[in-house]
Engineer: 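Supplied in structure tokens, the structure appears directly below.
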Amino acid sequence: MLPGPGFGQEQYTLEKLIKNAVEKSHAMKKAALQLSESNSKVKEIIANGLPQAEGSLNYSRMGIPKINISQEMLDMLPEEVAPLVKGLTDIKALHTTSAGVTVSQLLYSKSYLMGVQQGKKAEELYSSLLDKTEEDVIHDVASNYYQILMNYSNLRILEKNMQNIGKLYNILKLQYENDFVKKTDVNRLKVTLTNLKTQRETLENGIKIQERILKIVSGIPVDQEMKLDTSVVRKMNFQQPIASEFSLDVLPSFQVLKKQTELAKIQIKSDKAAYYPNLAAFGQFNYSNYATEFKFNNFSNMNTVGLKATIPIFSSGMRKQKVDQSQLKLQQNQEDFDLNTKYLETNYQNSTNSLLSAWSNLQDQKENKALANQVYDQVKLQFDEGMASLTDLLNVDSSLLDAENLYNQQLLKYKLAEIELLQATGKLKTLIN
């Protein structure tokens, strides 16, 4: 048997699970990181249009072979030239040192302006994706949570049934020992009890698997103990559902579709911007020194200030093909937008119908369960008085178990349909409150 929630031990409610998932789940962390990456990308793009400065420092030494000049050759040279030529024999290397700074500023670039727009729109897209991821996480947590609660409820029903069959088995076993009943009746109860034990073990194992999955989607360490308040099922109040307002604009999925389409339109403008010239200002400030020995003095400077224009002239159709590809991509995106918009609208209609149907079926199963309980109590009383057979009692017991399980199944369908409608109307976050 699975252990129930301990007294004084913290229990996880649906609200707490959702809050924990929004803060710590892997999906939310990844979506938040993608948004931060997009924000950094926008800053990088903007920085490309701001002043840029680079520094450089160079040093080189060029060795010179030794020059031998005879005295006779020097005597033949004019007096004012001879000392200079003689000095060449003392030069061993030529040292060149230079340092400089290059500054540039983009003055006009349509590609740059379109790039900034693209970056900001991409950031909006990732923000919408973060909202959609949050909605998906809430949906997964809530769905798994209610499935586990319903299984716990089924487990309680099964254990109650086992207790009743167990008590009856002990009574019949005692009666068999006193020759009041047949051994066949005792064996039939034993078979029923064994089958119920097998069902219980299967259900307990299923609950353990579901709880591990719930821990993962909720951002809870798998090795950490998690206790759920299973009494929530008995406290649930169900009111007849009313029609919910529907608006596409509040749906994160629709916002993602819109941002993707807008981004595709900007991509066309960005590709067309390649036809426009770019203009930038630049300045170069260089200092250099040439000497026959290594030293850092007597630098001469040379400064340059100017403008640089890059004018596209001919690309053999490359730019045109890029624009055509972006336009085709936009058309594909528009088809996705129209198709998924219809899916979202249909999903709202289907979710509404499913919830109304689940509500109607839940009321029927509620009445059916009450009737099954009434029939069981009557037959049990008749069996105790010897007016009903063991077969009759086992039949109504099986019918009661089926009725209670069907009620729980319908209860789960109702809660899941409720979650689907909340998602279809963009109201899943209300589960946090």
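Computed over heavy atoms, backbone and side chain alike; hydrogens, waters and symmetry mates excluded.
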Engineer: Are the side chains of Ile432 and Ile138 in touch, meaning some heavy atoms are under 4.5 Å apart?
Structural biologist: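 Answer yes - side chains close enough.
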
Engineer: Would you find more than 12 non-hydrogen atoms of other residues, nucleotides or ligands less than 6.0 Å from Glu245 atom CD?
Structural biologist: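 Check fails, neighbour count at 12 or below.
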
Engineer: Kindly check if the number of other-residue, nucleotide or ligand heavy atoms within 6.0 Å of NZ (Lys269) is above 12?
Structural biologist: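 Counting neighbours around NZ of Lys269, 12 or fewer heavy atoms of other residues, nucleotides or ligands fall under 6.0 Å, so no.
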
Engineer: Please enumerate all residues that pass side chain to side chain donor-acceptor pair (under 3.5 Å) together with Ser253, with sequence neighbours excluded.
Structural biologist: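 None.
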
Engineer: For residues Tyr376 and Val396, report the shortest heavy-atom separation together with the two atoms involved.
Structural biologist: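 Smallest heavy-atom distance, with atoms named: CD1-CG2, 3.9 Å.
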
Engineer: With rounding to the nearest 0.5 Å, note down the distance linking CG in Leu411 to OH in Tyr146.
Structural biologist: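 Between atom CG of Leu411 and atom OH of Tyr146 there are 9.5 Å.
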
Engineer: Rounded to the nearest 0.5 Å, how far apart are CE of Met162 and CG of Leu401?
Structural biologist: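 One finds 11.5 Å between CE of Met162 and CG of Leu401.
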
Engineer: Check residues 43-57 and write down every donor-acceptor pair under 3.5 Å in which the side-chain atom is one partner and the other belongs to a residue at least two apart or another chain.
Structural biologist:
from  : atom 1 : to    : atom 2 : distance (Å)
Gln52 : NE2    : Ala47 : O      : 2.7
Gln52 : NE2    : Leu50 : O      : 2.9

Engineer: Using a 3.5 Å cut-off and no angle test, enumerate the donor-acceptor pairs between side-chain atoms of residues 387-394 and protein atoms at least two apart in sequence or in another chain.
Structural biologist:
from   : atom 1 : to     : atom 2 : distance (Å)
Ser389 : OG     : Asp392 : N      : 3.2
Ser389 : OG     : Asp392 : OD2    : 3.1
Thr391 : OG1    : Arg188 : NH1    : 2.9
Thr391 : OG1    : Arg188 : NH2    : 3.2
Asp392 : OD2    : Ser389 : N      : 3.4

Engineer: Is it the case that over 12 heavy atoms from other parts of the model lie below 6.0 angstrom from the OH atom of Tyr343?
Structural biologist: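 No, the 6.0 Å shell around OH holds no more than 12 heavy atoms from other groups.
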
Engineer: Going by the rule side chain to side chain donor-acceptor pair (under 3.5 Å), which residues pair with Ser247 if we only count those two or more places apart in sequence or in a different chain?
Structural biologist: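 Testing Ser247 for side chain to side chain donor-acceptor pair (under 3.5 Å), a comparison that skips the adjacent residues, returns none.
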
Engineer: Please name all residues satisfying side chain to side chain donor-acceptor pair (under 3.5 Å) with Glu124, sequence neighbours left out, ordered by chain then number.
Structural biologist: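 Here the qualifying residues are Lys121.
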
Engineer: Of the non-hydrogen atoms in Ser326 and Ile268, which two are nearest, and what is the gap between them?
Structural biologist: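 In this case the closest contact between Ser326 and Ile268 is CB-CG1, 3.6 Å.
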
Engineer: Is there side-chain contact between Tyr108 and Tyr276, with heavy atoms separated by less than 4.5 Å?
Structural biologist: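 In contact.
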
Engineer: Do you know the tightest heavy-atom contact between Ala27 and Val137?
Structural biologist: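 Scanning both residues, the minimum pair turns out to be CB-CG2, 4.1 Å.
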
Engineer: Is the backbone N or O of Asn347 less than 3.5 Å from a side-chain atom of Ser351, with the two atoms forming a donor-acceptor pair by type?
Structural biologist: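 Flag set: sc Ser351 to bb Asn347 pair under 3.5 Å.
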
Engineer: Hey, could you give me the NZ/CG distance between Lys320 and Asp271, rounded to the nearest 0.5 Å?
Structural biologist: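 Reported to 0.5 Å precision, the distance equals 12.5 Å.
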
Engineer: Check whether any side-chain heavy atom of Lys190 sits under 4.5 Å from a side-chain heavy atom of Val186, and report yes or no.
Structural biologist: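 Lys190 vs Val186: side chains apart.
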
Engineer: Hey, are the side chains of Leu14 and Val141 touching, using non-hydrogen atoms and a 4.5 Å cut-off?
Structural biologist: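 Touching, per the 4.5 Å side-chain cut-off.
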
Engineer: Any chance the side chains of Asn333 and Thr261 put a donor and an acceptor closer than 3.5 Å?
Structural biologist: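 Side-chain D/A pair, Asn333 to Thr261: present.
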
Engineer: Check each of Leu107, Leu106, Ile311 against Leu279 using the side chain to side chain contact (heavy atoms under 4.5 Å, CB included) test, and report the only one that passes.
Structural biologist: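 That would be Leu107; it is the only one of Leu107, Leu106, Ile311 passing the side chain to side chain contact (heavy atoms under 4.5 Å, CB included) with Leu279.
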
Engineer: With sequence neighbours excluded, what pairs up with Phe246 under the ring-ring contact (aromatic ring centres under 6.0 Å, His included) test?
Structural biologist: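 Result, ring-ring contact (aromatic ring centres under 6.0 Å, His included) vs Phe246: Tyr348.
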
Engineer: Between Lys110 and Lys272, is there a side-chain heavy-atom distance shorter than 4.5 Å?
Structural biologist: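 In short, these two side chains do not touch, never coming nearer than 4.5 Å.
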
Engineer: Is there a side-chain contact between Glu420 and Ser354 in this structure, where contact means two heavy atoms from C-beta onward sitting under 4.5 Å apart?
Structural biologist: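 SC-SC contact between Glu420 and Ser354 ruled out.
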
Engineer: Which heavy atom in Glu211 sits nearest to a heavy atom in Tyr152, and how many Å separate them?
Structural biologist: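 That would be OE2-OH, 2.8 Å.
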
Engineer: What is the distance from atom NZ of Lys183 to atom NZ of Lys173, rounded to the nearest 0.5 Å?
Structural biologist: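 So the NZ of Lys183 and the NZ of Lys173 are separated by 11.0 Å.
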
Engineer: Could you check whether Asn278 and Ser109, counting side-chain N and O atoms only, form a donor-acceptor pair closer than 3.5 Å?
Structural biologist: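 The answer is yes; a qualifying pair exists.
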
Engineer: For the NZ atom of Lys258 and the CG atom of Asp249, what is their distance to the nearest 0.5 Å?
Structural biologist: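 Here the rounded value is 5.0 Å.
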
Engineer: Can you check whether Arg319 reaches Val323 side chain to side chain, under 4.5 Å on heavy atoms?
Structural biologist: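 Arg319 vs Val323: side chains apart.
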
Engineer: Is the shortest side-chain N to carboxylate O distance from Lys342 to Glu345 below 4.0 Å?
Structural biologist: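 Glu345 and Lys342: not salt-bridged.
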
Engineer: Under the 3.5 angstrom rule, does the side chain of Asn161 hit a backbone N or O of Ile157 as a donor-acceptor pair?
Structural biologist: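 A pair under 3.5 Å: no.
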
Engineer: Applying side-chain contact (heavy atoms from CB on, under 4.5 Å), name anything that partners Leu356, two or more places apart in sequence or on another chain.
Structural biologist: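 Partners of Leu356 by the side-chain contact (heavy atoms from CB on, under 4.5 Å) criterion, ordered by chain and then number, come out as Pro241, Thr352.
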
Engineer: Identify the residue among Asn205, Asn144, Asn151 that makes a side-chain hydrogen bond (donor to acceptor under 3.5 Å, both in side chains) with Gln210.
Structural biologist: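 Filter result, single survivor: Asn151.
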
Engineer: Between OH of Tyr407 and CG of Leu362, what distance do you get to the nearest 0.5 Å?
Structural biologist: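 Atom-to-atom, Tyr407:OH and Leu362:CG are 5.0 Å apart.
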
Engineer: Not counting sequence neighbours, which residues clear ring-ring contact (aromatic ring centres under 6.0 Å, His included) with Tyr414? List them please.
Structural biologist: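 Tyr414 satisfies ring-ring contact (aromatic ring centres under 6.0 Å, His included) with Phe238 only.
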
Engineer: Donor-acceptor pair, Ser143 side chain versus His139 backbone, under 3.5 Å?
Structural biologist: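 Side chain of Ser143 to backbone of His139, a donor-acceptor pair under 3.5 Å: yes, one is there.
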
Engineer: Could you give me the CA-CA distance, side-chain angles and deciding distance for Leu228 and Leu17, then say whether side chain to side chain contact (heavy atoms under 4.5 Å, CB included) is met?
Structural biologist: CA-CA 10 Å; Leu228 302 180; Leu17 285 170; 4.0 Å; yes

Engineer: Looking at Thr425 and Leu422, would you say the former's side chain and the latter's main chain have a donor-acceptor pair under 3.5 Å?
Structural biologist: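 The answer is yes, because a donor-acceptor pair under 3.5 Å joins these two groups.
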
Engineer: Start with the C-alpha distance between Lys415 and Leu149, add both sets of side-chain angles, then the distance that settles side chain to side chain contact (heavy atoms under 4.5 Å, CB included), and finish with yes or no.
Structural biologist: CA-CA 11 Å; Lys415 294 304 296 183; Leu149 288 189; over 6 Å; no

Engineer: Under a 4.0 Å threshold between the charged nitrogen and the carboxylate oxygen, would Lys19 count as salt-bridged to Glu15?
Structural biologist: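 Yes, Glu15 and Lys19 are salt-bridged.
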
Engineer: What heavy-atom pair brings Lys215 and Val222 nearest, and what distance separates the two atoms?
Structural biologist: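 Shortest heavy-atom separation between Lys215 and Val222 comes out as NZ-O, 3.1 Å.
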
Engineer: Can you sort out the partners of Gln255 under side chain to side chain donor-acceptor pair (under 3.5 Å), two or more places apart, ordered by chain and number?
Structural biologist: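 Checked Gln255 against side chain to side chain donor-acceptor pair (under 3.5 Å); matches are Lys259.
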
Engineer: My understanding is that only residues two or more places apart in sequence, or in another chain, count here; which of them pass salt bridge (Lys or Arg N to Asp or Glu O under 4.0 Å) with Asp131?
Structural biologist: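 Residues passing salt bridge (Lys or Arg N to Asp or Glu O under 4.0 Å) with Asp131: none at all.
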
Engineer: Are Lys208 and Arg212 side-chain neighbours, meaning at least one heavy-atom pair lies under 4.5 Å?
Structural biologist: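 The answer is yes; the side chains approach within 4.5 Å.
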
Engineer: Treating Ser218 as the side-chain partner and Leu214 as the backbone partner, does any N or O pair qualify as donor plus acceptor under 3.5 Å?
Structural biologist: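 A pair under 3.5 Å: yes.
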
Engineer: For the pair Glu123 and Leu35, evaluate side chain to side chain contact (heavy atoms under 4.5 Å, CB included) and give the outcome as yes or no after the intermediate values.
Structural biologist: CA-CA 6 Å; Glu123 186 177 13; Leu35 179 59; 4.2 Å; yes

Engineer: Applying side chain to side chain contact (heavy atoms under 4.5 Å, CB included), run through Asn289 and Thr96 and close with a yes or a no.
Structural biologist: CA-CA 6 Å; Asn289 171 272; Thr96 303; over 6 Å; no

Engineer: Can you name the residues that form a salt bridge (Lys or Arg N to Asp or Glu O under 4.0 Å) with Asp338, not counting sequence neighbours?
Structural biologist: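 Residues passing salt bridge (Lys or Arg N to Asp or Glu O under 4.0 Å) with Asp338: none at all.
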
Engineer: Holding to ring-ring contact (aromatic ring centres under 6.0 Å, His included), I want the full list of residues that pass it with Phe337, two or more places apart in sequence or in another chain.
Structural biologist: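 By the ring-ring contact (aromatic ring centres under 6.0 Å, His included) rule, Phe337 matches Phe254.
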
Engineer: Minimum heavy-atom separation for Thr341 and Leu257, please, with both atom names.
Structural biologist: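 So the two residues come closest at N-CD1, 4.3 Å.
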
